[in-house]
Amino acid sequence: MKHIPNWPQFDETEAEAVAAVVRSGNWWRGAYDSPEGNPTGETGAVQQFERAVADLHGAAYGLAVSSGTMALDIAVRALGIGPGDEVITTAYSYVATATCILQSGATPVFADLNPDTWNLDPGAVRRAITQKTRAIILVHFAGLPVDMDALLEIAKEHDLYVIEDAAHAFGAEWRGRKVGAIGHIGCFSFQGSKNLTTGEGGAIVTNDETLATRCRSLHMAGRVIGGAWYDHERLGWNGRMTEFQAAIGLVQLQRFPDQQQRREANARRLAAGLAEVPGISVQTEPGEDGVHGRHLFCFRYEKDQFGGLSHKRMYMALRAAGLPVLTGYGRPIYHNDVFAEFDAVEWAERCPNAEQLCTSGFWLHHAVLLAEPAEIDELVEAMKGVKARYHKEKPQRTV
Ligand SMILES: *Cc1c(COP(=O)(O)O)cnc(C)c1O
């Protein structure tokens, strides 16, 4: 691929939206949130944005925050999870999926994933449950919806909370329901690389009023919601989104449906093309069960089918052929020094599939899926070229 489509996509509309916020002089949500500051009852950009995000996902409550990391930190704390509690999550994700557990003083427990879906394996989650387990944090990896029926059943059986890390899955669906609003709390990220971006930013969605109020309080220094401004009842953060970010988000929301349609069509085209290449396994397609969020296009390769090329060499071969792949996470989360107090060797033994994906998986960023269909076909041809070049037939035995 000669030219990867630019990301983010924007024009003067975003510039104008930000300029309008500048000119208004109301740069933060407080300018609209407090009745004294906003006697006319005008709706600010952050208020509009969080409402739109909640509506899009069929959630009763939405809260815009400063990042996806902040959303996760708040979600765990809002559920009252703390020291002595265990939270089960995946080891193949961005670090914030698990550091939110440490931030609350609880103990992370990593369960392995299914190498075809790249999502938590319900069986592995079940085996990881102990008397101390309080919650499951699942990731709809790359945008592929997790089997929510299986996970919710486990959660119900063991009385566990379900937090959806939907940072990859804005707009994705599981059996007719938008992800993020299926479990107890859903978290989104609008950081620069995500499918809907405000530069930095995040959101929390939930259908539970008590949780929604707690999250709102936690994101504004533990304030008493509806109380006096300097009245604080819990330990919180300043996790507020600015009016500038939300103004951009509102414009990006308009662009989102067309972009997703394009990503969806190209991802299907690419998946169908790559399915013809032996030794390449594309992440499972949701099929009838849902709608993929298309944040990443993921596949793994079988070394033996590519002349024994190492992950690094395969990366170089793919890049040289014009496939703008990324190698993804270099190692499962628990190998980061921030988890040094836990036994990484034991986790590695429990999560062979997560370990394996780090040395066999590749990603394409969603911007690639915004290219022309003809360029997607070129990617398939490039892969076939790599295959032809490196695949070595096993020597035939001669009689
Ligand atoms: C991006 C991301 C986050 C964190 O979002 P930030 O906005 O960067 O803090 C959390 N989880 C996953 C899976 C992500 O990809």
Side-chain angles (χ1 to χ4, degrees), residues 7-8 46 49-50 53 62-77 87-104 108 110-111 113 117-120 135-146 151 162-172 179-180 183 185-205 215 218-219 237-242 244-246 248-249 252 283 292-298 326-334 336 338-339 354 357-358 361 363-367:
W7 187 257
V46 177
F49 182 65
E50 64 192 17
V53 169
L63 178 72
V65 292
S66 53
S67 70
T69 303
M70 182 92 276
L72 286 161
D73 287 352
I74 290 175
V76 174
R77 280 270 298 284
V87 180
I88 298 170
T89 193
T90 173
Y92 191 85
S93 181
Y94 179 63
V95 70
T97 304
T99 47
C100 60
I101 304 166
L102 297 183
Q103 292 284 13
S104 76
F110 295 97
L113 47 78
T117 63
W118 301 47
N119 280 333
L120 271 176
I136 302 166
I137 303 180
L138 56 87
V139 180
H140 301 288
F141 196 80
L144 179 71
V146 166
L151 264 286
V162 174
I163 299 174
E164 294 177 70
D165 179 345
H168 295 179
F170 194 86
V179 305
I185 297 196
C187 300
F188 294 97
S189 165
F190 308 125
Q191 174 270 337
S193 75
K194 303 294 154 79
N195 291 35
L196 185 94
T197 179
T198 58
E200 296 284 0
I204 298 171
V205 296
C215 289
L218 283 167
H219 110 298
W237 298 268
N238 176 356
R240 292 185 295 264
M241 178 180 271
T242 68
F244 306 110
Q245 291 162 293
I248 291 179
Q252 290 283 311
Q283 184 191 31
H292 196 296
R294 306 298 181 194
H295 174 57
L296 301 168
F297 184 94
C298 300
L326 305 167
T327 48
Y329 310 118
R331 53 200 182 161
I333 292 181
Y334 46 72
N336 287 285
V338 63
F339 293 95
L357 271 192
C358 293
W363 308 344
L364 288 164
H365 185 245
H366 66 85

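Heavy atoms only: backbone and side chains are in, while hydrogens, waters and symmetry mates are out. The shown structure was predicted, so the numbers you read here are calculated from the model rather than taken from an experiment. When a ligand or atom number is given, it counts from 1 through the structure's own listing order.
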Give every pair made of an N or O atom of ligand 1 and a protein N or O atom lying under 3.5 Å apart, one pair per line with both atom names and the distance to 0.1 Å, or write 'none'.
{"from": "ligand 1", "atom 1": "5 (O)", "to": "Ser189", "atom 2": "OG", "distance (Å)": "3.1"}
{"from": "ligand 1", "atom 1": "7 (O)", "to": "Gly68", "atom 2": "N", "distance (Å)": "2.7"}
{"from": "ligand 1", "atom 1": "7 (O)", "to": "Ser189", "atom 2": "OG", "distance (Å)": "2.7"}
{"from": "ligand 1", "atom 1": "9 (O)", "to": "Gly68", "atom 2": "N", "distance (Å)": "3.4"}
{"from": "ligand 1", "atom 1": "9 (O)", "to": "Thr69", "atom 2": "N", "distance (Å)": "2.8"}
{"from": "ligand 1", "atom 1": "9 (O)", "to": "Thr69", "atom 2": "OG1", "distance (Å)": "2.5"}
{"from": "ligand 1", "atom 1": "11 (N)", "to": "Asp165", "atom 2": "OD1", "distance (Å)": "3.3"}
{"from": "ligand 1", "atom 1": "11 (N)", "to": "Asp165", "atom 2": "OD2", "distance (Å)": "2.7"}
{"from": "ligand 1", "atom 1": "15 (O)", "to": "His168", "atom 2": "NE2", "distance (Å)": "2.8"}
{"from": "ligand 1", "atom 1": "15 (O)", "to": "Lys194", "atom 2": "NZ", "distance (Å)": "3.0"}

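The two atoms that bring Ala172 and Gly143 nearest to each other are CB-O, 3.7 Å, heavy atoms only. For the residue pair His140 and His168, the shortest heavy atom distance occurs at O-CB, 3.6 Å. In terms of heavy-atom proximity, Ala169 sits nearest to Phe188 at O-CE2, 4.2 Å.
Ring-plane geometry between Tyr329 and Tyr92 is classed as perpendicular, the angle between the planes exceeding 60 degrees on a 0 to 90 degree scale with a lower cut at 30.
Between Asp73 and Trp237, the closest side-chain pair of non-hydrogen atoms falls below 4.5 Å.
The residue from Leu102, Val87, Ile88 that alone fulfils the side-chain contact (heavy atoms from CB on, under 4.5 Å) condition with Pro108 is Leu102.
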